[in-house]
2 protein chains.
Amino acid sequence: MDDANLTIADRIQARLETLTRAERQLAHAILENYPASGLGPIATLAKDADVSTPTVARMVQKLGFKGYPEFQADLREELKAKVSGPIAKHDTWAEGAPEGHMLNRFTEAVIQNIRHSLAQIDTNDFDAACAQLADTSSRLHIVGGRITHTLAEYLFLHMQMIRPEVIHIQSTSNAWPHYLLDVKEGDTFAIFDVRRYESNTLKLAEIAQARGARIILFTDQWRSPIHSLADICFSSRIVVPSAWDSAATTLLLVETVIAAVQDLSWADTKDRMQTLEDMFDQTKLFRKFT
Amino acid sequence: MDDANLTIADRIQARLETLTRAERQLAHAILENYPASGLGPIATLAKDADVSTPTVARMVQKLGFKGYPEFQADLREELKAKVSGPIAKHDTWAEGAPEGHMLNRFTEAVIQNIRHSLAQIDTNDFDAACAQLADTSSRLHIVGGRITHTLAEYLFLHMQMIRPEVIHIQSTSNAWPHYLLDVKEGDTFAIFDVRRYESNTLKLAEIAQARGARIILFTDQWRSPIHSLADICFSSRIVVPSAWDSAATTLLLVETVIAAVQDLSWADTKDRMQTLEDMFDQTKLFRKFT
DNA sequence: AGAGAACTGAAAGAATAGTTTCATTATTCT
DNA sequence: AGAATAATGAAACTATTCTTTCAGTTCTCT
């Protein structure tokens, strides 16, 4: 073979562009659990990828094999060579990129951040925060800063789908005092404040608390001064090999909160989602696409 | 099963003494190229071990499997678990939380998403994209959709600090055609489009390309239809145990791009940063804080 | 050494896996 | 918008793989 020293995974990668929809779906399934998935029967692989068996048969032929059995034989050869070789260690994330490449250094840092941040979370706090965010008997205000308003808005967009009475306040806007007029005892504030803590956000938090609001704070490892006002405080590590900080860990946390809150309120959310879908249909915002 | 956590190799080792001559011969052949040899057809394995196929069939039954296919299925499972590696072994992320807790399930999914997405990135593409984003000789337009405009804005906020001539367009706004008026040959578009691909965003991409712009696309594993218009396409896996998709992997990618671009343009960025700091001082936006 | 038991493999039979055809559906091009 | 083209999966078909039977062989024990 001319491409004998390329792994099958490489060959699939290389041709990924030229593949059709179902074939690409299949390609992903193969790479997902490579090489194990390709070593089972054709029907199992097809089912995993949610395509038909002929699609699998056709693709392996496209890849240059006479048939599925030959494809498997090659996979086994590859596995044999790999196992007898040096122990496969996953020290790079972007395969093919040098170890010192930004992709690998950055990803490694983020994974470490996630690990440390998650290890410090008190599950009870987490559950309590989610319960509070799911509680529709009071309003939910979401506040972000100069950079973090993007995270705030991300949370806002999802909470808005899940429940009513959600308000997004940008503390950097000079209109924020207006929003505080209607704050009632028992309202919830989800506040984002990370390094370069903003004076506006702190003032806002103080006023909100004075008016009887309960605060859930998303901050960094050094914790915004707001933490002393907060009921619940989540701190994420944000340091990466960059001139700026990483929001990835905080976003992970926010997404997890969204998923948990949505689990708690599924009964109510279901109808909202349906209504939303109907409205999307009417506005033709999205392409018809499976 | 009682011996569920033992590998098949262990089980064979343990029973090695009780096996007959032909079976022991077979056992050694299996262990010789473990697990590859066991994943082929029964006849191949028999031939390798120089025994008959019934011997193989009988031994796998002796080992407690219903038949050879079941034995293979177990081998594949073992391989799957092994390949997903030591990082996956970190079975809980939030210590103290039960394994099935949302925090652990969600984080696990995101880590897998990161792993798979990163493995697929072509380093050359990545470097090329960063070079293009750092090129100040043409303008940079950043476009996001209903949810992804938060990511777009995140990129925008940072690129704005790094270089001049950066514009944020929200494709969901009805003012987006206005932005296209001034697009020139050679301009760069960074476009975000993930599942529930938006028709507006596609149209915008088409027009931009027609006007000679080069497109860098951030999309999901199924790839927005825009990918056929894009110069460079980054696809992230976004599926998590939630009713919604995860933007965490895409954000990681965006942050890495930001870090790399900033490295490329540090000479110019330095001055911009200083000016920005001075302005911050004047507006007293931030608290004085070490 | 010889009878009995256990082991082994050839071959047939049963089951499962892989391939191909063809009608349907989606997509592209005019 | 409509015709042509490509892609896809259900189902029929073919090939291979696995299992079982059974007769020959080897080993063990008296």
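This structure is a prediction, so every number in the text was calculated from the model and none was measured. Each chain gets a letter, A, B and so on, in the order its sequence line appears, and its residues count up from 1.
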query: Does a side chain donor of either B:Q61 or B:Y68 reach within less than 3.5 Å of an acceptor in the other side chain?
result: no
Looking at B:E77 and B:K80, is there a salt bridge between them, counting it only when a charged N and a carboxylate O are closer than 4.0 Å? yes
Whole-Å distance, B:R24 CZ to C:dT8 P, equals 10 Å
When every non-hydrogen atom of B:T172 is compared with those of B:G145, the smallest separation belongs to CG2-C, 4.1 Å
Please list, pair by pair, any protein nitrogen or oxygen found under 3.5 Å from a nitrogen or oxygen in nucleotides 20-22 of chain D.
{"from": "D:dT20", "atom 1": "OP2", "to": "B:Q61", "atom 2": "NE2", "distance (Å)": "3.4"}

Whole-Å distance, B:W222 CH2 to C:dA26 C1', equals 20 Å
B:K66 NZ to C:dT16 C1', in whole Å, measures 12 Å
Tell me whether A:K270 at atom NZ has more than 12 heavy atoms from other residues, nucleotides or ligands lying less than 6.0 Å away.
no
Taking atom types as modelled, is there a side-chain donor on B:T201 or B:S171 under 3.5 Å from an acceptor on the other?
-> yes
Worksheet item: Checking ring-ring contact (aromatic ring centres under 6.0 Å, His included) for the pair A:H101/A:F106: CA distance, chi angles, key distance, verdict?
Response: CA-CA 8 Å; A:H101 193 277; A:F106 201 101; over 10 Å; no
NZ/NE/NH1/NH2 to OD/OE distance under 4.0 Å, B:R195 and B:D245 = yes
Practice task
Side-chain contact test, heavy atoms from C-beta onward, threshold under 4.5 Å: evaluate it for A:P35 versus B:L79 and give yes or no.
Solution key: yes
In whole angstroms, the gap separating C1' of C:dG9 from CG of B:L26 amounts to 14 Å
Rounded to whole Å, the CG-C1' distance (B:L19 to C:dT8) equals 15 Å
Taken to the nearest whole Å, CD/B:E23 to C1'/C:dG9 is 13 Å
Worksheet entry | Phosphate OP1/OP2 of D:dA10: any A:S52 side-chain N/O under 4.0 Å | no
When rounded to whole Å, the CD to C1' distance for the pair A:Q72 and C:dA17 reads 10 Å
Any side-chain N or O of B:T20 less than 4.0 Å from the OP1 or OP2 oxygen of C:dT8? yes
Check the interface with nucleotides 15-17 of chain D: list each N/O to N/O pair with the protein under 3.5 Å, or write none.
none

| request: Please indicate whether A:K47 has more than 12 foreign heavy atoms, meaning atoms of other residues, nucleotides or ligands, lying under 6.0 Å from its NZ. | output: no
To the nearest angstrom, the CG-C1' distance between A:L45 and C:dT19 comes to 15 Å
*Ignoring backbone atoms, establish whether A:T55 has a side-chain N or O less than 4.0 Å from OP1 or OP2 of D:dG9.*
yes
